[in-house]
Amino acid sequence: MTGGLLISVPQQQAAAAPNLIKNPGFETPGADAGDMPECWSQEGWGDNDFDFAVVEDAHSGTKAMKVELTRRVDGDRKAMITGSEACAPQVTEDVQYDLSLWYKSTTPDTSVTLFRKDATDGWGYWTDLKTLPLSEGYAETSVRTPPIPPGTTQITWGVSVYGIGSVTTDDYVMEEVEAPAPPVDCDETPEECAGGTWEVLPIKNPVRSMHSVVLHNGKVLLIAGSGNDPTRFEAGTFDTVVYDPEDGSYTDVDTPADMFCAGHVQLSDGKVLVMSGTKGYEEPGTGVGYQGYKDSYIFDPETEAYTKTNDMNDGHWYPSATLMGNGDVLSFGGLREDSSGSVTADRWSAEENRWLSMNEVNQTWSFWGLYPAMHLMQDGRLFYSGSHVFGNGLPGTGASIYDYDANTITDVPGLQRKDERDQSASVLLPPAQDQKVMIMGGGNNASNPEANRLTDIIDLKEANPAYRNGPLLPQGKVDQGDGPVAQSGDQGKMYVSAVLLPDGNVLETGGALHDRADPVYSASLFDPQTETFAKVPADPEPRGYHSSAFLLPDGRVMTNGDNPGNGSWNHNVSVYTPPYLLKGDRPEITSLINNEWKYGDTQRITVDRPIVKASLIKPAAVTHSSDPNQRYVDLPLTVDGNNIDLNVTTNPNIAPPGWYMLFAVDANGVPSVAEWVKLGGPAALEVSSSHVHDFAGSPEMSAKTLPEKRESAPVSPTLSGCDRHYGTANVCVPTAFPKSVAATTAARCEWLDKHDYGRLKVNGKEDPLKLDPNGDGKACTKADLKQKPEKPQKPGKPEKPEKPEKERTR
């Protein structure tokens, strides 16, 4: 959620309005003997022994409330304001409220917890705001709510106790914060003020990078490896550069192996773990597809050099890479050294700084596909969103929850057209505490339909989570070889990028209508609170296959890459200035006392002007539209003039350990330049237990039956969607042309010509697409087009796709 509202004293004070809490000191008893005090209720869940008692040990008056846990396996207990029309405070949308109370405690395992009543959905958990430090005597604590979400009519709150010990509370206060109405100061055109601007930088990216990692020193690691260029692969020429946004420079880095299509993740110490890569390209006519090696490397931002780690247990070309709450990394999927599908789960141990051996890692023997988007949930499980790369989705519903400890996989329903989410974008929506995941767009490189406009949203706070339909992606312009024209019908995009912004919105940008072809020029901002899109200007450069988009520490968004099927590469770099940077001066974090944070901390900053929220944003480690570790973590605020106390979650599954960008945002939505803070680490993880909620704990669907132990899963060598009978290994003649292209030599050659494929050599004697009817080994020559045309299929009727591999399962 968004954070609190600060404005310099005396500009912004809690209003002199009355305390909104009824019976704030527990002085009025309940209607019947033995009842809780009027307007207070006993709440909680889980396996624990507890006691609620009205005691005379009061801060003021004669009564206080004591909640105690004497045994706990899981769950919590809390005295909450009764969620009735008479007792729960009425609230106003987009307004903030200051909450305070007096307490004494014998356990550090506490949290100020809020519930909200939605006009449509009724009561539900909202968020945890802060942890109460231990206190032998009475101490006051206060915190500001996020702005009230749309549709909320009432809230209720109290102190959750989730550890052995007790908390005694008294004198609750809830006051409305008088929000300022700062003027919007924008000197640009109305269109720019509303939608921001794009700039194509004068200096081009020197390498064919499809991996982008924002480092904690503000620079950007750009990994190309062989860059989808077989000549460079054969020569052993592999590229990495470090880009410095401050001066626009690129620094070469010695690259020891082909990290083209590897996996990568930032470790808790800020180093980058790079796993697998390309051992070999497809070999036409041999049945051998792309091959992934077992090698793994760590990139150190300080030395700008790679060092080798121990090997993974299997090759993983296009693997997942999910950072866990203890700093470990789980990796699934991809292709092995023999180009079959990897069914091996690999786990990097943060404590031992190595890949664990096979017998130390739970195995499901399941093939999760390529770049499966695996999001860490607040209880430590993984949510596979259904977003992936290449071909169909997984059998079943296409999305599932994986419990590593129990080693179970349980499907979740509702994902639309699961077999057309190839290179969709999958993102944990802001804030991470809300536990909502959104998937946008997608296509299918095997059947090659027009990419879709679909979005789906799932709330992982629900007991039985299921996807529901989200709003359609806004349409833009598409270039199918004759210049950009307006999209029509159901045309959407695959290769879409999604970037979390410091104002809590999500930028979606880039994409293409078909497999490695037909760029779509559109961009929009998604508001997770209203679940609506607002169109903004499009990146002027095409951004399809092998493109990336990511947030810079100054609040802008950088995009690079584009690798269409003709094998070319776009070296131009674009930078998007969101509209929030055109609305006057930016707030500044003038003091950051400490940049090494622990879970459950209260960390103080000083700002030079009013702010309404603060957040930690995990820096990007993105490739192929996939960055499942990207997350926006809300930092609830306690406000004392220009001094702001930031309340850090106790749960490392909400914010896995590592470096984050800290942003402070004013009432105009204008963010500060980010400060870098390092969260967690082994010492911090030992401080306190986490307040983990029982969300998604009992899905209606039963866990899947896992496959028997096996070496691998069969994968077709045409999984990449490219017919390697034509051209070189970096040229992708589609195995299935778009449906609008008739299955004739003339129509296919016309499409290839429009898309700048040039002269194509035929590899071997086979000509499955009938591009070389005269058999001279050259496709689409004048002589080929003079051959007697074959009887065409009806336009729009695709060739029968290859039957999906039965073993592409879990």
Side-chain angles (χ1 to χ4, degrees), residues 36 40-53 65-80 103-115 123-134 157-169 324-328 330 351 362 376-383 401-410 432-433 435 460-465 598-600 648-657 680 682-703:
M36 287 283 285
W40 290 90
S41 300
Q42 297 183 18
E43 304 292 347
W45 63 278
D47 182 1
N48 49 68
D49 294 337
F50 58 91
D51 182 63
F52 288 80
M65 175 61 62
K66 183 176 182 179
V67 181
E68 184 173 17
L69 292 189
T70 56
R71 182 191 63 87
R72 179 183 182 271
V73 175
D74 57 18
D76 65 36
R77 297 294 155 178
K78 45 194 173 277
M80 298 283 289
Y103 77 97
K104 57 172 61 177
S105 65
T106 65
T107 173
D109 298 329
T110 60
S111 181
V112 176
T113 300
L114 274 70
F115 284 70
W123 284 102
Y125 168 82
W126 182 8
T127 190
D128 287 347
L129 288 183
K130 72 177 300 183
T131 299
L132 308 182
L134 286 166
W157 57 282
V159 177
S160 298
V161 183
Y162 57 92
I164 302 300
S166 67
V167 173
T168 304
T169 59
M324 307 298 287
N326 67 347
D328 285 6
L330 280 176
E351 181 179 2
N362 288 344
L376 178 65
M377 297 168 59
Q378 63 91 36
D379 59 9
R381 292 180 295 171
L382 296 180
F383 175 61
I401 293 172
Y402 173 55
D403 187 328
Y404 177 85
D405 292 332
N407 210 33
T408 58
I409 300 168
T410 307
Q433 287 93 329
Q435 293 288 282
L460 296 170
K461 297 192 306 298
E462 296 176 352
N464 183 39
K598 297 178 180 179
Y599 294 100
V648 184
T649 178
T650 63
N651 188 348
N653 297 321
I654 293 289
L685 295 172
E686 295 169 2
V687 169
S688 175
S689 61
S690 303
H691 195 201
V692 177
H693 294 271
D694 186 26
F695 303 144
S698 54
E700 291 180 0
M701 300 185 74
S702 299

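For the single chain, residues carry numbers from 1 onward in sequence order.
- In this structure, CZ in Arg72 is found 7.0 Å from CG in Asp109, a value given to the nearest 0.5 Å.
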With side chain to side chain contact (heavy atoms under 4.5 Å, CB included) as the test, would you mind laying out the steps for Asp328 and Glu351 before giving the verdict?
CA-CA 8 Å; Asp328 285 6; Glu351 181 179 2; 5.8 Å; no
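- Looking at Tyr162 and Ser690, their side chains never come closer than 4.5 Å, going by heavy atoms from C-beta outward.
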Full working for side chain to side chain contact (heavy atoms under 4.5 Å, CB included) between Asn653 and Asp379
CA-CA 7 Å; Asn653 297 321; Asp379 59 9; 5.6 Å; no
For Val67 and Val159, run side chain to side chain contact (heavy atoms under 4.5 Å, CB included): C-alpha distance rounded to whole Å, both residues' side-chain angles, the deciding distance at 0.1 Å, then the answer.
CA-CA 9 Å; Val67 181; Val159 177; over 6 Å; no
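- The distance from the CD atom of Glu68 to the OG1 atom of Thr106 is 6.5 Å, given to the nearest 0.5 Å.
- Side-chain atoms of His691 and Asp76, non-hydrogen and from C-beta on, do get closer than 4.5 Å to each other.
- At distances below 3.5 Å, at least one donor-acceptor pair connects side-chain atoms of Arg381 with backbone N or O atoms of Ala696.
- Separation of atoms CD (Glu462) and CD (Gln435) is listed at 12.0 Å; rounding is to 0.5 Å.
- The structure places CE of Met80 at 9.5 Å from CH2 of Trp157, a figure rounded to the nearest 0.5 Å.
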Could you please spell out the steps behind the side chain to side chain contact (heavy atoms under 4.5 Å, CB included) verdict for Ile654 and Gln433?
CA-CA 6 Å; Ile654 293 289; Gln433 287 93 329; 4.1 Å; yes
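- In this structure, Thr649 and Asp128 have side chains that are not in contact, with every pair of non-hydrogen atoms separated by 4.5 Å or more.
- Within the 4.5 Å cutoff, side-chain heavy atoms of Leu382 are placed close to those of Leu330.
- Across every non-hydrogen atom of Ala79 and Met36, the tightest pair is CB-CE, 4.1 Å.
- Tested against His693 for a ring-ring contact (aromatic ring centres under 6.0 Å, His included), the candidates Tyr125, Trp126, Trp45, Phe115 yield a single pass: Tyr125.
- Side-chain N/O atoms of Thr70 and Asp49 include no donor and acceptor closer than 3.5 Å.
- If you take CE on Met377 and CD1 on Ile401, they are separated by 4.0 Å, rounding to the nearest 0.5 Å.
- In this structure, the side chains of Met65 and Val167 stay at 4.5 Å or more apart for every pair of heavy atoms.
- Of the possible polar contacts, one joining the Tyr103 side chain to the Pro133 backbone as a donor-acceptor pair under 3.5 Å is found.
- The side-chain contact (heavy atoms from CB on, under 4.5 Å) with Asp405 is formed by just one residue from the set Asp403, Asn407, Thr408; it is Asp403.
- Asn651 places a side-chain N or O within donor-acceptor distance of the main-chain N or O of Gln378, the cut-off being under 3.5 Å.
- Scanning for salt bridge (Lys or Arg N to Asp or Glu O under 4.0 Å) contacts around Lys130 gives an empty result, with sequence neighbours left out.
- With rounding to the nearest 0.5 angstrom, the CG atom of Asp74 is 11.5 Å from the OG atom of Ser689.
- Residues Pro656 and Leu376 meet the side-chain proximity criterion, which asks for heavy atoms closer than 4.5 Å.
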